[in-house]
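Worksheet: the structure to be examined is printed underneath.
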Amino acid sequence: MRPPRFHSFHKTVYEVVSQVPCGRVTTYGAVAAILGSPRLAHAVGFALHALPPDTDVPWHRVINSRGRISFRGDDIRGMEQERRLLEEGIEFGPDGSVDLRRFGWMVGLGKER
DNA sequence: ATAATGACTGAAT
DNA sequence: AATTCAGCCATTA
């Protein structure tokens, strides 16, 4: 399942993302923070980008800190993610943003913006 | 080993 | 409020 060989970082990212419960979303920064470095946000994004189509990782539950889907330029993937989240019970705001305080998993970690 | 990229983030303009 | 700039770090070329 998982691609032939992935480096440890990707694996760690997948582990964390896989732990996101249904109906919840997390952010790249949160995942990176859990990994130990809040600056690895972009690296996390890279890991998910390398994610294969047959992965078991709920990559669709990972969004940016704004509670917004990032690659909405890539219509197909972006719309699919949005659709999946809606199906899981995630509610999008008027501008398509998700309330991370409500659906965010381990986001803010006790701190809010 | 060096350079470029990226599904990010926060601060600055 | 929206857009731009710069920083951070792992992966890929």
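Naming convention: chains lettered A, B, ... in sequence-line order (proteins, then strands); numbering from 1 in each chain. Just so it is clear, the model here is predicted, and its values are computed rather than measured.
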Side chain of [X]: nearest nucleotide among [options]?
{"X": "A/Ala43", "options": "C/dC9, B/dA7, C/dT11", "answer": "C/dC9"}
{"X": "A/His42", "options": "C/dA10, B/dT9, B/dC8", "answer": "B/dC8"}
{"X": "A/Arg39", "options": "C/dC8, B/dC8, C/dT11", "answer": "C/dC8"}
{"X": "A/Phe71", "options": "C/dT12, B/dA7, B/dT9", "answer": "B/dA7"}

Under 3.5 Å, which donor-acceptor pairs do the side chains of residues 19-44 of chain A form with other protein atoms, sequence neighbours left out?
| unit_1 | atom_1 | unit_2 | atom_2 | d |
| --- | --- | --- | --- | --- |
| A/Gln19 | NE2 | A/Glu15 | O | 2.9 |
| A/Thr26 | OG1 | A/Trp105 | O | 3.4 |
| A/Thr27 | OG1 | A/Ala30 | N | 3.0 |

Which pair of heavy atoms, one from A/Arg68 and one from A/Ile63, lies closest together, and at what distance?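 Here A/Arg68 and A/Ile63 meet closest at O-CB, 3.6 Å.
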Can you find a side chain N or O atom of [X] that sits less than 4.0 Å from OP1 or OP2 on [N]?
{"X": "A/Ser65", "N": "B/dC8", "value": "no"}
{"X": "A/Ser70", "N": "B/dC8", "value": "yes"}
{"X": "A/Thr27", "N": "B/dC8", "value": "no"}

Round to the nearest Å and state the distance from [X] atom [atom1] to [N] atom [atom2].
{"X": "A/Tyr14", "N": "C/dT11", "atom1": "OH", "atom2": "P", "answer": "10 Å"}
{"X": "A/Ile63", "N": "B/dT9", "atom1": "CD1", "atom2": "P", "answer": "9 Å"}
{"X": "A/Asp95", "N": "C/dA1", "atom1": "CG", "atom2": "C1'", "answer": "12 Å"}
{"X": "A/Leu48", "N": "B/dC8", "atom1": "CG", "atom2": "P", "answer": "10 Å"}

Between A/Arg84 and A/Glu88, is there a side-chain N and carboxylate O pair less than 4.0 Å apart?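 Looking at A/Glu88 together with A/Arg84, the answer is no, because their closest N to O distance does not fall below 4.0 Å.
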Under 4.0 Å, counting only non-hydrogen atoms across every strand here, what does A/Leu40 touch: a base, just sugar-phosphate, or nothing?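 Sugar-phosphate: the residue A/Leu40, judged by heavy atoms under 4.0 Å, touches backbone atoms but no base.
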How long is the span from the CD atom in A/Glu91 to the CG atom in A/Asp99, to the nearest 0.5 Å?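 Spacing of CD (A/Glu91) from CG (A/Asp99) equals 9.0 Å.
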